[in-house]
Amino acid sequence: MEAAPRSERVSPSRDVSEFLVELSIALHRHSMYPSGHPALVPAIESVTRRAERLLQDRLSIAFGVARRQLIIDGVTTDPEQPVLRRLADGLHRHHIGAVSIMRGVNTHELGEALVALSAEPDRDGPMGLKRVVSSWPHVKVHPLTFDGLALVGDAPIGAGGQDSEHASIGAELWIGLARAALASDGTADAPVSSEPSVVAKAIDERSGRAEAYDQVIVGYLTQIARELKTATGDTADELNRRTSRLIASLKPGTLRRLVAMGGDQGQREQFVLDATHNMAVDAVLEIVKASADASGQTISHGLVRMLTKLATHAERGSEHTRPRADVELREQVGRLLEDWRLEDPNPEAYGRVLEHLATSVQLDGPRPDWAVAAEDPLRLVQMSLEAGAFGPLADRAIDQAIDAGHLTGLLELVSAPPEGGQAGAEMILARLIRPENLRGFFTGERVDRAALDHLLPRLSVEGYEPLLEALGASPSRVVRRRLLDLLGRTPVDITPLVVARLADERWYVQRNMLMLLARSRHVPATFSAAVWTKHPDARVRSEALRLQLTLPHEHDAGVLASLTDRDPRIVHVGLTAIRDACPPPLVEYVIDVALASDVGEDSRLLAVNSLGRLRLDSVLEAFLQLSDGGRSLLGRLRLPPKTPVLVAVIRALSLTWSQDRRAAAVLAAAARSSDPELHEAVSP
């Protein structure tokens with residue numbers, strides 16, 4: 001293959017080149033001298049020292065093998081450099097496609113590997129075809145076998161080409177790439193198709209398993225891009241077509257990994273620039289996106305969509321638009337790469353690309369600005385943010401996006417604005433939190449909770465009015481429930497707005513406002529919920545009493561109101577509030593609950609437990625009544641059927657009234673019972 005001029009060649013680093021030279025010299029000596037010769041040991045030790053020096057900063061040294069050059073760190077060695085060309089030729093004759101040397105390598109391993117590789121392949125057979133499993137844990141050779149490769153199903157590259165030299169180079173490059181991709185660990189008898197999709201599938205399946213394998217593939221792609229930069233005629237067209245189909249068939253992750261293997265950022269940019277000169281536009285787009293990911297750059301979705309649109313025009317546009325779109329796409333990619341820097345994902349050149357794409361005349365003729373914005377207002381807003389420039393066109397696009405209901409899309413754009421777009425993002429947020437726009441986040445049966453969570457901290461107290469209005473007016477219970485949850489978690493003091501809405505006659509509005517107050521940390525010290533504890537609807541009374549129990553100045557009144565309410569569920573709320581310490585003024589009310597037959601078992605149990613430590617005759621009388629199951633034929637006291645309430649009564653009598661004669665009779669009956677739970681209650 002034709003070498004690039006030395007002035008343009010990107011060479012491996014000095015340390016890498018010196019290591020490869022030492023390796024070539026050591027291998028050459030092993031092929032010249034017999035085993036045990038005094039010149040061999042110093043050569044092995046020199047290679048080992050070079051390798052150890054390189055491996056201080058990396059886990060492995062991996063390089064691919066072409067016929068006359070090596071591929072390492074994403075660049076190729078000079079095919080005219082005799083020492084490195086000799087190393088490449090020797091490994092190539094052994095059918096070795098790549099070599100990996102891992103951290104921890106020693107002279108013994110390297111020596112054995114050099115002895116094996118120094119054998120004459122014509123006499124002893126190529127090492128890559130022997131299926132020999134090496135015993136070197138830190139030195140790996142990756143064989144390639146080419147016997148089964150043939151061009152199947154496609155015309156060979158260069159057929160009918162006008163330039164025989166370029167035809168030969170193009171064919172050699174494609175065959176080399178296909179061989180590297182389809183290589184296996186053994187021989188194959190049947191021909192293997194080098195059709196681009198087959199080659200891409202092979203790369204997808206093997207890429208990432210061995211760094212050396214990826215280096216070989218990257219090396220061939222780099223050389224193909226350089227060849228297409230200058231080649232013309234049928235050969236270049238065929239190579240372009242095959243390479244573009246290959247790149248389009250690769251998985252995105254595979255392409256990103258391969259581009260990342262292609263050296264540093266400058267080398268990746270040069271590869272992209274070379275690819276833009278003559279590769280098909282769809283392949284250019286894929287390579288640009290992969291290079292951006294590998295370089296840590298940010299290409300916005302809006303810019304990608306614009307470039308994709310140009311690529312579509314270049315491929316399938318009218319006769320008038322195709323050549324113009326093709327030139328425009330390649331020009332914009334070149335501009336994009338002018339000022340890429342890792343620390344600045346949105347440099348000046350990037351902004352110029354956005355500005356040019358946003359304002360340039362359309363390919364099929366001039367179109368007014370309003371037509372562009374109307375077609376996709378979000379796209380224009382995004383481009384304005386990225387370019388850091390807002391004007392009448394951007395303002396109109398924002399209004400159109402809001403009118404079209406694209407509120408969530410706008411919020412996504414401004415939630416993490418690009419550098420230089422913060423001022424524009426703040427302006428858009430100020431528009432979104434207007435009352436008339438906020439309503440768009442809870443229409444119909446939908447509430448965009450994520451969006452509202454993002455916006456609520458920015459609202460003033462008055463800004464909550466639309467949400468409270470929707471909480472009262474929305475016919476959807478789902479919307480009301482979700483708004484209630486959102487408003488209950490806001491850090492803003494909206495108590496005045498909530499209290500004002502308690503005058504609403506609708507029961508569910510009053511209930512919801514009481515719930516919000518109960519969750520609020522800003523209830524005024526003078527506020528009283530007593531009015532709503534007498535509401536005819538039990539649901540309102542329940543929320544009012546829950547709120548009242550949280551207010552220190554109304555707690556006792558709330559317990560009394562709960563215990564005297566006609567709804568058993570509200571009674572249970574009051575009992576839960578006093579737990580195991582019944583205040584003396586409430587004893588009679590709690591006794592009534594304990595004796596009531598129309599109250600749930602859970603509430604009666606709470607009542608007994610709250611009375612258990614009180615030494616009052618009225619309490620003892622109630623406990624004796626609850627534990628009286630009549631008399632036996634012999635006149636002994638019997639217990640009623642066991643329930644949780646009875647067990648709690650027995651436990652309370654044992655703890656507080658064990659010395660009382662009447663209580664002792666009940667405890668004796670429990671002790672005679674065969675039920676272990678009653679036995680345990682007697683002697684807790």
Side-chain angles (χ1 to χ4, degrees), residues 471-472 477 480-481 484-485 487-488 495 498-499 501-614 616 618-619 622-623 625-626 643-646 648-649 652:
L471 182 59
R477 296 177 63 183
R480 294 201 302 269
R481 183 168 59 251
L484 189 64
D485 180 62
L487 291 169
T495 304
V498 174
V499 172
R501 279 174 167 72
L502 281 171
D504 195 299
E505 295 181 354
R506 292 169 293 182
W507 70 266
Y508 63 87
V509 173
Q510 296 182 29
R511 189 270 314 272
N512 290 342
M513 296 304 111
L514 290 168
M515 290 178 67
L516 286 178
L517 286 175
R519 299 178 188 181
S520 173
R521 292 166 293 183
H522 309 285
V523 180
T526 58
F527 178 80
S528 174
V531 174
W532 293 276
T533 63
K534 302 177 177 62
H535 196 279
D537 193 295
R539 291 165 289 190
V540 176
R541 295 201 307 275
S542 176
E543 293 303 329
L545 288 167
R546 291 178 192 276
L547 171 61
Q548 200 172 34
L549 292 173
T550 65
L551 304 176
H553 60 285
E554 291 202 345
H555 178 272
D556 293 344
V559 174
L560 178 60
S562 298
L563 296 178
T564 57
D565 196 273
R566 57 185 179 275
D567 191 303
R569 292 170 296 182
I570 296 177
V571 173
H572 189 85
V573 171
L575 291 168
T576 303
I578 61 177
R579 297 188 179 276
D580 297 335
C582 179
L586 301 177
V587 169
E588 297 303 323
Y589 300 103
V590 177
I591 289 175
D592 289 342
V593 175
L595 296 176
S597 59
D598 57 347
V599 178
E601 190 81 2
D602 292 343
S603 296
R604 297 179 66 198
L605 181 60
L606 286 174
V608 170
N609 288 334
S610 67
L611 297 169
R613 298 183 182 276
L614 296 177
L616 297 173
S618 58
V619 173
F623 286 171
Q625 182 177 340
L626 290 171
T643 63
V645 171
L646 177 63
V649 167

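Not measured: the values here are computed from a predicted model. Residue numbers run from 1 in the order of the sequence given.
- Applying the side chain to side chain contact (heavy atoms under 4.5 Å, CB included) rule to H553 yields the partners L551; only residues at least two apart in sequence or on another chain are considered.
- A distance of 8.5 Å separates OG1 in T576 from CZ in R546, rounded to the nearest 0.5 Å.
- The side-chain tip of R480 points at the ring of Y508 from less than 6.0 angstrom away and within 45° of straight on.
- Using modelled atom types and a 3.5 Å distance limit, the side chains of S528 and E554 yield a donor-acceptor pair.
- Shortest non-hydrogen contact noted between I570 and A538 is CD1-O, 3.8 Å.
- Residues H522 and T495 have side chains that never bring a donor and an acceptor to within less than 3.5 angstrom of each other.
- Under the salt bridge (Lys or Arg N to Asp or Glu O under 4.0 Å) criterion, D567 pairs with R569, sequence neighbours left out.
- Qualifying salt bridge (Lys or Arg N to Asp or Glu O under 4.0 Å) partners for R613, counting only residues two or more places apart in sequence or in other chains: none.
- The backbone N or O of A530 sits less than 3.5 Å from a side-chain atom of T533, completing a donor-acceptor pair.
- Within the 4.5 Å cutoff, the side chain of L575 has no heavy atoms near those of the N609 side chain.
- Looking at heavy atoms from C-beta onward, L516 lies out of side-chain contact with N512 at the 4.5 angstrom threshold.
- In terms of heavy atoms, A652 sits closest to G612 at CB-CA, 3.8 Å.
- For R501, the salt bridge (Lys or Arg N to Asp or Glu O under 4.0 Å) partners are E465, not counting sequence neighbours.
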Side chains of residues 581-599: which donor-acceptor pairs under 3.5 Å do they make with residues two or more places apart or in other chains?
none

request  = Given side-chain contact (heavy atoms from CB on, under 4.5 Å), test L626 with R604 step by step and report yes or no.
outcome  = CA-CA 11 Å; L626 290 171; R604 297 179 66 198; 3.3 Å; yes

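- Nearest heavy atom pair, residue R566 against residue P536, reads NH2-O, 3.8 Å.
- Here CG of L547 is found 12.0 Å from CZ of R519. Values are rounded to the nearest 0.5 Å.
- Taking every heavy atom of both residues into account, L605 and P644 meet most closely at CD1-O, 3.5 Å.
- For the atom pair L560 CG and T564 OG1, the distance stands at 5.0 Å (nearest 0.5 Å).
- For D504, the salt bridge (Lys or Arg N to Asp or Glu O under 4.0 Å) partners are R506, not counting sequence neighbours.
- Here the closest non-hydrogen pair linking F527 and L517 is CZ-CD1, 3.7 Å.
- Of the inter-residue distances, the one linking L484 atom CG with R511 atom CZ reads 7.5 Å to the nearest 0.5 angstrom.
- Geometrically, R541 does not engage W532 in a cation-pi contact defined by less than 6.0 Å to the ring centre and at most 45° from the axis.
- Here the CG atom belonging to L471 is positioned 9.5 Å from the CE atom belonging to M515, to the nearest 0.5 angstrom.
- Contact between L549 and G558 at its shortest, heavy atoms only, is CD2-C, 3.8 Å.
- Between atom CD of residue Q548 and atom CG of residue L514 there is a gap of 10.5 Å, rounded to the nearest 0.5 Å.
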